[in-house]
Number of protein chains: 4
Amino acid sequence: MELGLVGLGRMGGNMRDRLRAAGHTVIGYALDPETTDVNSLADMVKQLPQPRAVWVMVPAGEPTRSTITELAGLLSTGDIVIEGGNSRFTDDVEHAALLREHGIGYVDCGVSGGVWGRENGYGLMVGGSPEDVQRLTPIFDALRPEGAREDGFVHAGGVGAGHYAKMVHNGIEYGLMQAYAEGFELLAASDVVSDVPGVLKAWSKGTVVRSWLLDLLVDALDEDPELAGLTGYVEDSGEGRWTVEEAINNSVPAPVITAALFARFASRQEDSPAMRAVAALRQQFGGHAVRRVEPGDASGPPGTAS
Amino acid sequence: MELGLVGLGRMGGNMRDRLRAAGHTVIGYALDPETTDVNSLADMVKQLPQPRAVWVMVPAGEPTRSTITELAGLLSTGDIVIEGGNSRFTDDVEHAALLREHGIGYVDCGVSGGVWGRENGYGLMVGGSPEDVQRLTPIFDALRPEGAREDGFVHAGGVGAGHYAKMVHNGIEYGLMQAYAEGFELLAASDVVSDVPGVLKAWSKGTVVRSWLLDLLVDALDEDPELAGLTGYVEDSGEGRWTVEEAINNSVPAPVITAALFARFASRQEDSPAMRAVAALRQQFGGHAVRRVEPGDASGPPGTAS
Amino acid sequence: MELGLVGLGRMGGNMRDRLRAAGHTVIGYALDPETTDVNSLADMVKQLPQPRAVWVMVPAGEPTRSTITELAGLLSTGDIVIEGGNSRFTDDVEHAALLREHGIGYVDCGVSGGVWGRENGYGLMVGGSPEDVQRLTPIFDALRPEGAREDGFVHAGGVGAGHYAKMVHNGIEYGLMQAYAEGFELLAASDVVSDVPGVLKAWSKGTVVRSWLLDLLVDALDEDPELAGLTGYVEDSGEGRWTVEEAINNSVPAPVITAALFARFASRQEDSPAMRAVAALRQQFGGHAVRRVEPGDASGPPGTAS
Amino acid sequence: MELGLVGLGRMGGNMRDRLRAAGHTVIGYALDPETTDVNSLADMVKQLPQPRAVWVMVPAGEPTRSTITELAGLLSTGDIVIEGGNSRFTDDVEHAALLREHGIGYVDCGVSGGVWGRENGYGLMVGGSPEDVQRLTPIFDALRPEGAREDGFVHAGGVGAGHYAKMVHNGIEYGLMQAYAEGFELLAASDVVSDVPGVLKAWSKGTVVRSWLLDLLVDALDEDPELAGLTGYVEDSGEGRWTVEEAINNSVPAPVITAALFARFASRQEDSPAMRAVAALRQQFGGHAVRRVEPGDASGPPGTAS
């Protein structure tokens with residue numbers, strides 16, 4: 001079928017390739033003149049046969065919102081918009097309401113797979129009405145991995161359910177990554193194991209912890225056995241935060257996912273105000289040595305209590 | 001080659017099958033007359049050609065210790081013992097020292113793969129001297145999954161390194177399981193997603209969180225979509241505790257693995273003394289309603305503060 | 001001075017007593033005919049001299065919002081409303097805007113001290129304009145503990161700052177309570193210490209952990225040395241959740257406060273869906289015993305791995 | 001009564017002062033010729049009347065062990081040793097056994113109060129036989145704060161119980177400090193509250209979170225309102241680690257105390273190997289920007305996913 005695709009970055013560009021390889025016609029729009037197929041959103045819409053389908057794949061928040069607002073003015077009754085970025089599920093309800101006023105359908109789709117999706121296919125989590133989702137089946141089938149549909153695609157529920165599932169997926173991902181990371185650090189810190197990268201590699205097949213993330217960590221250690229070329233500074237992009245907020249909203253304990261999120265926050269702090277407060281307390285009650293900011297005033301040996 | 005195998009339970013029994021299927025001669029010994037090949041450890045030792053190799057696959061702690069002590073009296077210089085159970089790495093040093101007095105070699109081997117190892121092969125993490133490990137290569141090759149050796153086998157270091165690597169493996173496993181579990185609970189608690197098992201199944205291929213553990217959870221949800229037939233009571237068998245203790249010994253922050261361990265502890269408490277203390281405090285300072293143990297004295301509505 | 005006071009529950013009733021004891025005139029309004037001084041909000045407003053000051057002390061959320069909306073219709077330019085309940089700081093901005101349309105001032109005041117405040121005085125955290133706060137000084141001075149003003153009162157910032165400070169206060173409170181609770185549970189679980197209540201009592205003076213919360217826990221243990229009459233079921237009333245959400249909004253790691261919040265969530269679960277998922281996984285990969293829901297099908301001994 | 005006191009550092013020196021002020025005769029021994037009263041342990045023992053009491057107040061571990069070993073050779077049947085340092089409770093059992101061979105009694109005493117104890121008195125947690133503890137009552141009464149004995153002193157149980165109680169005390173202390181620290185950081189990070197030190201000061205009286213530690217933090221903020229002169233580098237001295245290990249040994253969930261411990265570990269890392277692993281994973285699957293170690297190769301803007 002024919003599809004408009006807004007956003008041709010790391011994700012959108014690869015998706016265009018995969019869809020075309022499957023025989024679909026994709027008209028892509030991006031700001032970058034090197035990669036775009038058309039000069040404007042309006043051009044893209046004009047070239048699509050009715051009823052149109054337009055996939056939005058731009059950063060969450062303002063870029064997505066303004067794209068959808070512009071599409072609301074360009075598309076017509078019976079058309080459909082798919083939001084495939086990392087929007088918060090609460091945004092989907094607003095997007096759908098805005099488009100519904102114009103008779104335009106809305107489907108949200110969480111897409112997982114990173115830069116490998118072009119070759120492996122993407123895991124797709126979709127929210128929307130059964131009719132809207134049904135109509136897009138050929139697109140979803142081209143994007144998902146080969147094999148049984150349900151192994152790489154789910155119609156998770158109404159509008160928002162796709163991004164909700166993707167949000168939880170990413171929350172889990174935070175926890176998985178941190179679990180491997182803690183194990184890696186412990187193996188490296190202890191002197192009992194002499195071949196740390198070899199240990200992780202030996203987990204690749206047969207063990208309980210084998211996974212795609214493990215394979216990626218093995219690849220990274222192949223290139224740099226101590227990850228000495230990196231610094232431990234880790235961004236986050238929202239889904240982990242939202243997962244914790246939803247856990248709180250639903251009174252669900254989520255200590256692992258939350259610990260993984262906080263570890264990222266801490267990784268970005270040059271110095272921790274909280275730990276300065278702890279240092280100040282120890283100095284106050286125990287006369288414990290502290291590290292002062294002033295150069296040349298390095299701490300002596302640690303004190304003898306708590 | 002020929003191998004004595006002590007312990008023919010869920011793990012040992014399957015390993016005997018896999019080794020025999022690969023053409024090795026295995027003389028198994030277990031207390032159960034239905035499964036044992038010989039009547040005693042002494043019998044087993046007698047039937048093995050020198051230099052002998054004996055694999056111990058019995059529960060960690062006292063059973064392993066007493067088996068190794070008995071073998072020390074039965075085996076001869078040049079023989080070798082492989083400890084394949086879930087011993088703490090610190091035990092390995094003692095085992096090796098005990099056997100060394102008799103000129104007997106010692107190799108520790110962490111084995112991962114559960115009941116699926118018979119078919120898939122087992123991930124093997126090995127500690128010991130290069131000579132001892134080298135001699136046992138045919139056995140390790142039969143037990144590990146097919147394919148490249150380093151994807152399912154590692155000589156991780158000296159005595160103890162195999163069990164150390166397995167300990168960390170299991171610590172990571174705790175974290176991975178808890179991450180999926182928290183995500184599952186959140187999906188189930190919220191009413192946004194209507195097909196929770198379908199969401200997890202759709203992660204099977206293509207997504208960043210795909211893994212063998214995910215596949216198993218999908219299987220479990222296929223049988224029981226809400227896991228309604230189970231109670232959330234989870235044992236632990238030592239490696240998680242040791243991992244946290246080693247993290248502490250090495251000053252390594254391990255919040256995710258520790259949170260997973262504590263969640264298991266809490267799952268086994270009918271009532272939490274700590275939370276009784278928190279309830280008592282809220283009652284003391286705020287006059288907040290508490291739940292008393294006496295029947296018929298149910299708590300009223302929650303108080304209005306903290 | 002003269003003050004209208006809406007809400008005469010545990011907190012409001014005690015505050016009326018304390019204010020009157022300090023010589024202020026308080027006209028209290030509550031739904032309960034036994035405790036109210038007037039028959040309606042309108043009555044209360046009528047009896048107050050202009051410019052009026054009305055303190056709202058009703059549950060956060062809808063009750064507070066509707067009270068403030070009604071007051072907006074009854075009060076006049078130059079009057080002032082003090083919101084002393086546990087509102088979220090984001091509500092304050094809305095309350096202030098609503099009243100400002102009518103020329104009515106707004107001050108938010110976090111109040112801490114529980115049922116003991118009547119005697120000890122209350123800790124007060126106030127947000128609002130300098131003029132509004134200044135005008136209410138006599139009231140604040142009567143409510144706060146005796147001694148230096150700054151030990152029990154702070155003008156923390158603009159509208160919302162009082163409730164923000166109170167929110168963080170309660171988040172810290174969660175962490176403090178949980179820290180004592182964990183220590184109590186460990187002392188009780190181990191058999192090394194034979195006099196647990198005596199240990200906590202001995203911390204009352206001289207030690208680093210002495211505090212008012214400790215005193216309260218000592219009192220509770222005096223009445224019930226094992227807290228055997230309580231169940232470990234603990235409500236929360238919002239501020240802990242908001243604190244974690246604000247920590248996330250500001251990228252501040254808050255593992256202790258969050259762990260305390262999650263412990264409350266878990267305390268209210270009869271069975272944990274997450275731990276059912278972990279149990280299911282262990283059964284899948286290791287054939288580990290699980291506890292089934294069916295009566296009579298109790299779990300066997302724990303399995304031997306992970 | 002007369003007491004030998006070994007170790008005259010921050011704690012021991014102050015204790016000598018407090019004991020002498022209460023009318024006791026203290027013969028102190030330390031390596032420092034400026035502070036010691038005698039030239040050797042043997043000298044000290046010689047000057048004490050029988051039955052002797054000797055209080056050991058030196059760093060835990062080797063210094064304490066060697067002091068006690070030396071005392072075992074110098075003291076006689078009927079004498080008694082008090083171990084007042086921060087020994088692990090498991091060490092007490094060994095110390096007591098060693099001394100018992102010589103007919104010498106042993107009491108372990110956890111001492112809390114820091115540098116303020118000289119003036120305020122010390123909280124004392126004591127383990128040992130009723131006879132031994134009874135004999136030392138005059139010493140304990142002089143060291144503890146004035147007022148009711150049970151508010152600052154407890155005979156917690158047999159040998160080791162004193163240090164066990166002190167260990168848990170310190171574990172709680174970690175949690176309390178971290179709770180205040182997280183709250184401080186959040187207040188400072190947000191821009192809602194404009195007077196952060198003032199807020200903490202206003203908690204000093206009347207509020208639920210008032211405590212001695214809060215008072216100390218207020219003092220620290222008085223001197224340095226943003227704690228800008230300190231770095232957030234925090235040592236730990238063992239008791240927090242032991243508390244977590246004991247929690248694990250007793251299957252007690254201790255998330256708050258553990259989070260506080262891990263925060264200290266993390267505060268001492270220049271860069272986190274675990275977070276390097278997370279960064280490596282994000283780069284592998286998503287092409288996310290990472291921060292490389294090489295100068296001039298600063299990270300670009302964060303990637304757009306997870």
Side-chain angles (χ1 to χ4, degrees), chain A residues 89 112-114 117 120-123 125 144-145 147 150-154 156-157 160-161 164-165 168-169 171-173 175-176 178-180 182-183 185-187 189-190 192-195 198-199 201-213 246-247 250 252 254-257 259-260, chain B residues 89 112-114 117 120-123 125 144-145 147 150-154 156-157 160-161 164-165 168-169 171-173 175-176 178-180 182-183 185-187 189-190 192-195 198-199 201-213 246-247 250 252 254-257 259-260:
Chain A
F89 73 101
S112 177
N120 296 343
Y122 300 91
M125 297 141 260
R144 67 171 174 81
E150 63 268 28
D151 286 350
F153 168 87
V154 65
Y164 199 94
V168 175
H169 164 283
I172 291 171
E173 181 190 309
L176 302 181
Q178 194 70 25
Y180 286 116
E182 290 178 10
E185 179 168 337
L186 178 53
L187 287 172
S190 156
V192 177
V193 162
S194 52
D195 181 6
V199 165
K201 196 170 181 56
W203 294 342
S204 301
K205 291 186 176 170
T207 73
V208 172
V209 303
R210 64 190 190 260
S211 73
W212 189 60
L213 279 168
E246 272 300 292
N250 289 279
V252 168
V256 160
I257 293 172
Chain B
F89 74 100
S112 176
N120 296 344
Y122 299 91
M125 296 141 260
R144 69 170 173 81
E150 63 267 28
D151 286 349
F153 168 88
V154 66
Y164 199 93
V168 175
H169 164 282
I172 292 171
E173 180 190 310
L176 302 181
Q178 194 70 26
Y180 287 116
E182 290 178 12
E185 179 168 338
L186 179 53
L187 287 173
S190 156
V192 177
V193 163
S194 52
D195 181 7
V199 165
K201 197 171 179 58
W203 293 342
S204 300
K205 290 186 176 169
T207 73
V208 172
V209 302
R210 64 189 190 261
S211 72
W212 190 60
L213 280 167
E246 272 300 293
N250 289 281
V252 169
V256 160
I257 293 172

Contact winner vs chain B - [options], heavy-atom pairs under 4.5 Å:
options                        : result
A:A247, A:A179, A:G198, A:G183 : A:A179
A:V208, A:V209, A:N250         : A:V208
A:V199, A:D151, A:V252         : A:D151
A:G114, A:S211, A:G117         : A:S211
A:V193, A:D195, A:L213         : A:V193

Minimum heavy-atom distance between [X] and [Y], given as atom pair plus value:
X      : Y      : result
B:G147 : A:K205 : CA-NZ, 4.2 Å
A:V168 : B:L186 : CG2-CD2, 4.0 Å
B:L176 : A:L176 : CD2-CD2, 3.6 Å
B:A260 : A:V256 : N-CG2, 4.1 Å
B:W212 : A:T207 : CE3-O, 3.9 Å
A:A165 : B:W203 : O-CZ2, 3.5 Å

Worksheet item: Do you know which of B:A254, B:G157, B:A259, B:G160 has the most heavy-atom pairs under 4.5 Å to chain A?
Response: B:A254
Discussion item. Using the rule given for side-chain contact (heavy atoms from CB on, under 4.5 Å), can you reason through A:R210 versus B:N120, listing the C-alpha separation, both sets of side-chain angles and the distance that settles it, and then say yes or no?
Written reply: CA-CA 12 Å; A:R210 64 190 190 260; B:N120 296 344; 3.4 Å; yes
Worksheet item: How far does CG of B:L187 sit from CD of A:E246, to the nearest 0.5 angstrom?
Response: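 One gets 10.5 Å once the value is rounded to the nearest 0.5 Å.
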Discussion item. Determine whether a donor-acceptor pair (N or O, by modelled atom type, separation under 3.5 Å) exists between the side chain of B:S204 and the backbone of A:G152.
Written reply: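 Not at all, since once roles are kept as given, no pair shorter than 3.5 Å links the two residues.
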Worksheet item: Between the main-chain N or O of A:A156 and the side-chain N or O of B:S194, is there a donor-acceptor pair closer than 3.5 Å?
Response: yes
Worksheet item: What part of B:P255 gets closer than 4.5 Å to chain A, counting heavy atoms only: side chain, backbone, both or neither?
Response: both
Item to complete: Against chain B, label A:Y180 side chain, backbone, both or neither, depending on which of its atoms sit under 4.5 Å from a heavy atom there.
Response: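 Looking at A:Y180, backbone and side chain both touch chain B.
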Fill in: A:I257: partners by side chain to side chain contact (heavy atoms under 4.5 Å, CB included), with sequence neighbours left out
A:T243, A:V244, B:E182
